[in-house]
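Sequence lines set the chain letters: A, B, ... in the order given, protein chains first and strands last, and positions in each chain run from 1.
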Amino acid sequence: MKLPLNFIIGAILTTIFLCMALLSLVWTPYDVTALEIADKFQAPNIDHWFGTDHFGRDVFSMIMIGARNAVMVSLVAVGIGMLFGVPLGLYAAAARMNGGNLIDEILMRGNDLIFAFPSLLMAIMITAVFGPGAINAIIAIGIFNIPVFARMTRGGALGLWSREYIMAARVCGKGSMRISFEHILPNIANILIVQATIQFSIAIIAEASLSYVGLGTQPPDPSLGRMLNEAQTMIFFAPWLAFVPGGAIVTMVLGLNLMGDGLRDILDPKLRQRKAREMEASNAAS
Amino acid sequence: MRIILCSVFMFFLFPLNIWADGINVGLQLEPPNLDPTSGAAAAIDEVVYGNIFEGLVRIDQNGEVIPGLALFWELSSDGKSYIFHLAEGVRFHDGTDFTADDVRFSFDRARAANSTNAKKYIFAPIANIDIFDDYTIMITLDRAHPDFLFNIGLGDAVIVASESAATNAINPIGTGPFRFKRWVRGDRIELIKNNTYWGAQARLDWATFKIITDPLSAYTAMMAGDIDTFPNYPAPENLFLFDRDPAFEVVVGLTAGETILATNNKKTPFDNILVRKAIAHAINRKELIDGAMFGNAQAIGTHFAPNHPDYVDLTALYPYDLNKARGYLREAGFPNGFKASLKLPPPIYARRTGELVANQLSRVGIHLEIENMEWAQWIDQVLRNRNYDLTVVSHVEPMDINIYANPNYYFGYDNADFQKIISDIDKNGNAAGRAALYKEAQRKIAEDAVNGFLFQLGKYGVWKRGVKGMWRNYPIRSNDLRDVYIEDNG
């Protein structure tokens, strides 16, 4: 099967960043904890590909570690969202199909309640109570992800519950828990994977926003958002300090979004068929 | 037709001429209210001191005491009684007369039990206030207090009228060369010239303080011409951009702000002087000034303004020496260092200095976990409840070395010898004797390494070329605009 172009571009961009993030675990060009004031504000050059910041730190090394922090925060946060959101959605759908409308209503309205708060506002709320830091940023972004996955799972599951093969499973005497995990989940896995990719990119933006306002990863750990914040007043004489982390965020998010779109094209057979039909129709028309 | 055209032109030109006689002043922090006698916020004085409100005496940009509402005064030979001769014909902005009764009212109000004055200690020594006539008043102290005259020049001791004192917070009524026009919260505070001012008239017709919190906006507002002068520009890294632009003038002066690595002397391991000495040796002031302040600050070795005549340069007492620092740590029983927290308030100098200090101390194994916080949290946790290890902050009050004599202050420094020096200063009426004692006090806290003494915060004045008369230094936080004018450069 031919892979869609957006998937290929997205996957390449994402892989680059993942590799950089992984590499930063064992090696960075420079030590970002060693401040060399004498080397401050170097424009991009051979020694420092992306220049140096106001403390003389190597921006490229900071981007590598910043990307790692962003990826880690986002991975765990999306993980939390799926871990709690998916079972919640499965349970709500199963409850509704088995006459437990009230349970479903309570669960989903609770979800709506959380969903009603903008993610950043919720993150600020959580970090205001528990204090700023990477862990609390993860929790905040994770909580925001729960209703997203719960809704998506419930919606997908409800559509499947009336299918014949599910009926067959019910007739065989399988419990709704077993049906949910053995038959429903594998069949909605594709939309969940696509959603996870999208949520992953949203989580990266959320992490950057939180760090930007000082609530995410704390210094001296580099973070893309805080680099942007610190670059603000220096943009007139050291523009690379803003453009490099800004560009990194954009590229990461773009890569993930393209990959998500591509994945949807690959994993969703109905969409693929529809697209093929549209192609044929347009070919026929021309 | 020509006449119409001319008058249309006049219509446009005329107001332009009028408006050119005012000034837009950039202000980073908005004052919480406008009554300097009931709040500690420096931003209040930055707007109203010398402009709207005046005291019996004034403090000028060099920190000297000059006559204010009292044209001259006599001091009794025992140093206890001041007789102030007040200016006549002075009116408050609401038209009420200024007399000796207003002075008594202001001071009685400030020292009353229910007063909300932030510096009640100024008025504590007052034993008696006697009014001889409307323009002569005698203030008797319990004993000689050489600082008294300077202290009543502070914003906390300005003269207010009984008719308007209660509403000064939102509608300040003083005797100054400018009167309050309006305050658009979050945006600007407008002052206009007081045409009935008793002294030399202000040279500007109006002055508007524009509140610009964000350093980047401060830069763009200056460049766009929305602001004529930023008395204390918030981003020192941008100063060189203004400096090389012929349209602007950059004047780096000094504030009374000693920037310190404040240390909780009551908490282990910081209660051990060896640990504090180790920290002192691990701090590289030059790197801090270059890295955090972009070279625009002056190193200090104790808690005293370096431009004060009594200042002692103690920066060489504990020079940057990692081996000595490690040695002290070993002696103190921390051969491998330890972990502690560093709580940082929001100003950019504190955040940057804090990050550098954490990095410097990590070289000797002291690992600081940085906690950035908002002012409200900082005041609650650090200042009020002393729930902290280390913090970076600037103490902007003038001549505030006496805070080290208060064992309940957040440093937790409780030293009988030092407290005796301060109380001796208080009792000593002799200038030379006081100078010697001040020097002794500076040495004492430096030797005890009470806090890490880092640098004196600069005052980064940026204004359009042609703006004259702005203060170079901040001996007190004030933007006294009475002598400011805009030179006509064609």
Worksheet entry | Toward chain A, the part of B/F294 with a non-hydrogen atom under 4.5 Å | both
Discussion item. Counting only non-hydrogen atoms closer than 4.5 Å, can you tell me which residues of residues 218-235 of chain B sit against chain A?
Written reply: B/Y219, B/T220, B/A235
Worksheet entry | For chain A, which residues of residues 352-365 of chain B have heavy atoms nearer than 4.5 angstrom | B/R352, B/E355, B/L356, B/N359, B/R363
Item to complete: Select one option (side chain, backbone, both, neither) describing which atoms of A/I235 are under 4.5 Å from chain B's heavy atoms.
Response: side chain
Worksheet, complete the sentence: For A/P219 and B/I370, the nearest pair of non-hydrogen atoms, with its separation, is O-CB, 3.6 Å
Worksheet item: If you take all heavy atoms of A/T233 and B/P215, which pair is closest and at what distance?
Response: CG2-CB, 3.3 Å
Worksheet item: Would you say the side-chain atoms of A/K40 pair up with the backbone N or O of B/D290, donor to acceptor, closer than 3.5 Å?
Response: yes
Worksheet item: Under the 3.5 angstrom rule, does the side chain of B/N372 hit a backbone N or O of A/Q218 as a donor-acceptor pair?
Response: no
Inspect the surroundings of [atom1] in [X] and state if more than 12 heavy atoms from other residues, nucleotides or ligands are less than 6.0 Å away.
X      : atom1 : result
B/Y320 : OH    : yes
A/F243 : CZ    : no
A/Q232 : CD    : yes
B/K324 : NZ    : no
A/R109 : CZ    : yes
A/I135 : CD1   : no
A/F84  : CZ    : no
A/F236 : CZ    : yes

Measure the spacing between [atom1] of [X] and [atom2] of [Y] and express it to the nearest 0.5 Å.
X      : Y      : atom1 : atom2 : result
A/F237 : B/R244 : CZ    : CZ    : 9.0 Å
A/N229 : B/I348 : CG    : CD1   : 8.0 Å
A/L35  : B/E287 : CG    : CD    : 6.5 Å

